[in-house]
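To keep things clear, I will list the structure first and then write my remarks on it.
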There are 2 protein chains.
Amino acid sequence: MTVLILTGEEDVTADLVVAQLHALGAPVVRLDPADLPGAVSLSGEYVHGRFRGHLSAGGRLVSMDGLRSVWVRRPGTPAARAGWPSDWLSEESGQALYGMLRSADVRWMNHPDAARRARYKPWQLRLAQRSGLPVPATLITTFPQAARDFAGRYPDLVVKPVSGTHPQHPPRAVPTSRVAPGTDFSAVAHGPTLLQRRVAKRADIRLTAVGDRMLAARKAVSPDAGPDEVDVRFARSDAPWKPVEVPPRVTEAVRGYLREAELAYGAFDFAEDADGIWWFLECNQSGQFGFVEAETEQPIARAVARWLACEDGAEPDTGDGGSTVPAPLSGGRRGTPAHPAPRVRPPRSPDRPPRSRPA
Amino acid sequence: MTVLILTGEEDVTADLVVAQLHALGAPVVRLDPADLPGAVSLSGEYVHGRFRGHLSAGGRLVSMDGLRSVWVRRPGTPAARAGWPSDWLSEESGQALYGMLRSADVRWMNHPDAARRARYKPWQLRLAQRSGLPVPATLITTFPQAARDFAGRYPDLVVKPVSGTHPQHPPRAVPTSRVAPGTDFSAVAHGPTLLQRRVAKRADIRLTAVGDRMLAARKAVSPDAGPDEVDVRFARSDAPWKPVEVPPRVTEAVRGYLREAELAYGAFDFAEDADGIWWFLECNQSGQFGFVEAETEQPIARAVARWLACEDGAEPDTGDGGSTVPAPLSGGRRGTPAHPAPRVRPPRSPDRPPRSRPA
């Protein structure tokens, strides 16, 4: 049974996972949809009520029946490297490839529909609330008066994009910014605006969830950081990311979030306040993990590889801050075999260093 | 409880449904996402674990809690008519609107995720097979040799697009065409190609499924039609669309298809062969129904209105060829209230004209 990875050629994160898959002895086919048609070929036949499909890439032919899992990492636009590229050929090639894969009995990290839905910030906030995660008071509005009322109730606010990344070339992250006192909100009428109570944070938390594994890291806010430094991506800080244990209530809530969202992978960002509460900021279903793994040495790439190879179910806690929860329905669209992890938390390894809990 | 219709201003099909909703006394808000921000406004607040959202359009303010259903008919691109339109503003506005609606407890016709998935032809073919619908032997391939082998086994073939409509401006339907004997298939390597055994058809069937209702229409193939006239959209024919009863096995299979696809609305195209078998060609989740209703007088707009108003559950069979099946999970993402129709088929109305069955 083969693991299929959809990504471009230059992807060091995928390289890490491929190395782990090789170590596990799991067969891998890695391809970029941009190379279909061309270096990548496919064929699927519907005859007598049955389907038989094949993919070919890098000289390897793999049956769709023989796929174990699909990792949608950073796939290129289908047919982007074809001899005569066009929107039409991209559409045809994307339909052929994803249309066949969508009916294969595989586990997805992440399923394209779940991935798409997971990008909606308003939906994320509501799901986080429903899952029991603390969400800072938030308003998304085009009504200037609603913004004024909200600023009256929550005078210390940040503003951030509703959608995330600005779609320019290359895409650009739009920083979260603090709202100055006395701001005029009349421009809110010209575009939906997301206002959120600023969390006076003492640390940023990145929780990487991989199927049943949760690996959290914490980056302390610099003691001399001003209240305007609200976005960890743009803040000056020499503090490293360090592994941190996940509070049981967060584990439970994140588990519920992933199950509802049908995600096998999610990178959660939290702001930790002075009381140790982790406030949900967002969940990025394709969030990078290389920088966390590099600083914390948490085995995230290995966790991804084990999940893709369907060897995640019985992995013992190796003392890296991970906790074991049942696998979410994840790739779990209908017809996908579920691989629930044991519900019993394995004993801690004795060489686990004691660590202070943030809550 | 209000029905929300997302569509442009000029949409006579929506006009028909709105008239039916008015007749039912169901409150309606109709808006075009292209008018957000501007003529359309929204606001959503996430405070203390709760969400309160509102939409405003045409001078009406409606609470997200007060929405009964959403009909995604022909919505414009969000913010397309804004004062300063941009890709970024469209992204922000679309995220805000659909992100909030996605977490509302409403029934969808159709849910955006289900709609998107339903467009994948290879996925459609596999689902049709699994649902028990007869599917003509089909090959989708970039391997010239696979095409040659298939043509050897099925000498009478048609070729059609994998994806449907060509994305030019305005979008253009690409006709299904017959494959000439002795065709050279080497160009298949340059783009995925869909080949299908030609069904020697005596009629085209359009089955419109609206929740639990199925309304089928039949258009006889002209006696002087040549075998090259394979696409009903482009064929010369004076034969009208006429109501036709749905064979019980087709009812059962279509029911399964819709349930798996999570669709509340689907326009199925079949080719009826000389033995009366309905061969599945495709299911268009946003297929037009105005032309069928105009020729057959089948009350499709009324069925859509009743479904949107949640008054579809108990509608008696009015002798128009409809049959009663349980409502699909349709809008039925988690959290959506289900509205199952009674499983008992109501007695036929005595004024129903006798009609020959095609099978």
Side-chain angles (χ1 to χ4, degrees), chain A residues 36-37 41-51 56 79 82-84 87-89 91-100 102-103 113 116-117 119-127 129 135 137-143 146 150 161-164 166-168 189-192 194 260 334, chain B residues 36-37 41-51 56 79 82-84 87-89 91-100 102-103 113 116-117 119-127 129 135 137-143 146 150 161-164 166-168 189-192 194 260 334:
Chain A
L36 171 74
S41 307
L42 60 71
S43 203
E45 189 180 281
Y46 305 76
V47 171
H48 300 313
R50 295 184 56 198
F51 170 72
S56 165
W84 294 271
D87 286 352
W88 171 242
L89 186 56
E91 184 65 23
E92 290 277 293
S93 302
Q95 283 261 349
L97 176 63
Y98 291 104
M100 285 186 203
R102 277 166 172 269
S103 40
D113 293 332
R116 187 178 170 80
R117 180 177 54 186
R119 293 189 194 104
Y120 285 86
K121 189 81 67 74
W123 179 86
Q124 283 188 23
L125 293 169
R126 185 70 190 119
L127 178 54
Q129 284 185 331
V135 174
T138 305
L139 178 74
I140 301 172
T141 196
T142 63
F143 288 99
F150 192 74
V162 181
S163 56
H166 195 291
Q168 64 186 20
H190 301 300
L194 193 160
E260 279 295 303
R334 264 180 316 281
Chain B
L36 171 74
S41 307
L42 60 72
S43 204
E45 191 180 281
Y46 305 76
V47 171
H48 299 313
R50 294 184 55 198
F51 170 72
S56 165
W84 294 271
D87 287 351
W88 170 243
L89 186 57
E91 183 65 23
E92 290 278 293
S93 302
Q95 283 262 349
L97 176 63
Y98 290 105
M100 286 187 203
R102 276 165 172 270
S103 40
D113 294 332
R116 187 177 169 79
R117 180 177 53 188
R119 292 188 195 105
Y120 286 85
K121 190 81 67 73
W123 179 86
Q124 284 188 22
L125 293 170
R126 186 70 190 117
L127 178 54
Q129 284 185 331
V135 174
T138 304
L139 178 74
I140 300 171
T141 197
T142 62
F143 289 98
F150 193 73
V162 180
S163 56
H166 196 290
Q168 65 185 19
H190 301 301
L194 193 159
E260 280 295 303
R334 264 181 315 281

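All chains are named by letter (A, B, ...) in the order of the sequence lines, taking the proteins before the strands, and each is independently numbered beginning at 1.
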Indicate yes or no: at least one non-hydrogen side-chain atom of Leu139(A) is less than 4.5 angstrom from one of Ser43(B). yes

Report yes if some heavy atom in the side chain of Leu97(A) is under 4.5 Å from a heavy atom in the side chain of Pro122(B); otherwise report no. no

Whatever's closer than 4.5 Å to a heavy atom in chain B on Tyr98(A) counts as both

Min side-chain heavy-atom separation Ser93(B)-Val162(A) under 4.5 Å: no

Check whether Leu127(A) gets within reach of chain B through its side chain, its backbone, both or neither, counting any heavy atom under 4.5 Å. neither

Minimum side-chain heavy-atom gap Leu42(A)-Thr141(B) below 4.5 Å: no

Looking at every heavy atom in both Lys121(B) and Gln95(A), which two are closest together, and how far apart are they? N-OE1, 3.3 Å

Among Arg126(A), Gln124(A), Glu92(A), Met100(A), which residue has the highest count of heavy-atom pairs closer than 4.5 Å to chain B? Glu92(A)

Okay, Arg119(A) and chain B: the region with an atom under 4.5 Å from a heavy atom over there is both

Contacts of type side-chain contact (heavy atoms from CB on, under 4.5 Å), residue Ala189(A), not counting sequence neighbours: Pro144(A)

Per-residue tally against chain A (heavy atom, under 4.5 Å) across Ile140(B), Leu89(B), Leu36(B) peaks at Ile140(B)

Hey, are the side chains of Ser103(B) and Tyr120(A) touching, using non-hydrogen atoms and a 4.5 Å cut-off? no

Part of Arg102(A) lying under 4.5 Å from any heavy atom of chain B: both

Residue list, ring-ring contact (aromatic ring centres under 6.0 Å, His included) with Phe51(B), at least two apart or on another chain: Tyr46(B)

Would you say the side chain of Phe143(A) lies within less than 4.5 Å of the side chain of Ser56(B), judging by non-hydrogen atoms? yes

Do you know which of Val47(A), Leu125(A), Thr138(A) has the most heavy-atom pairs with chain B at a distance under 4.5 angstrom? Thr138(A)

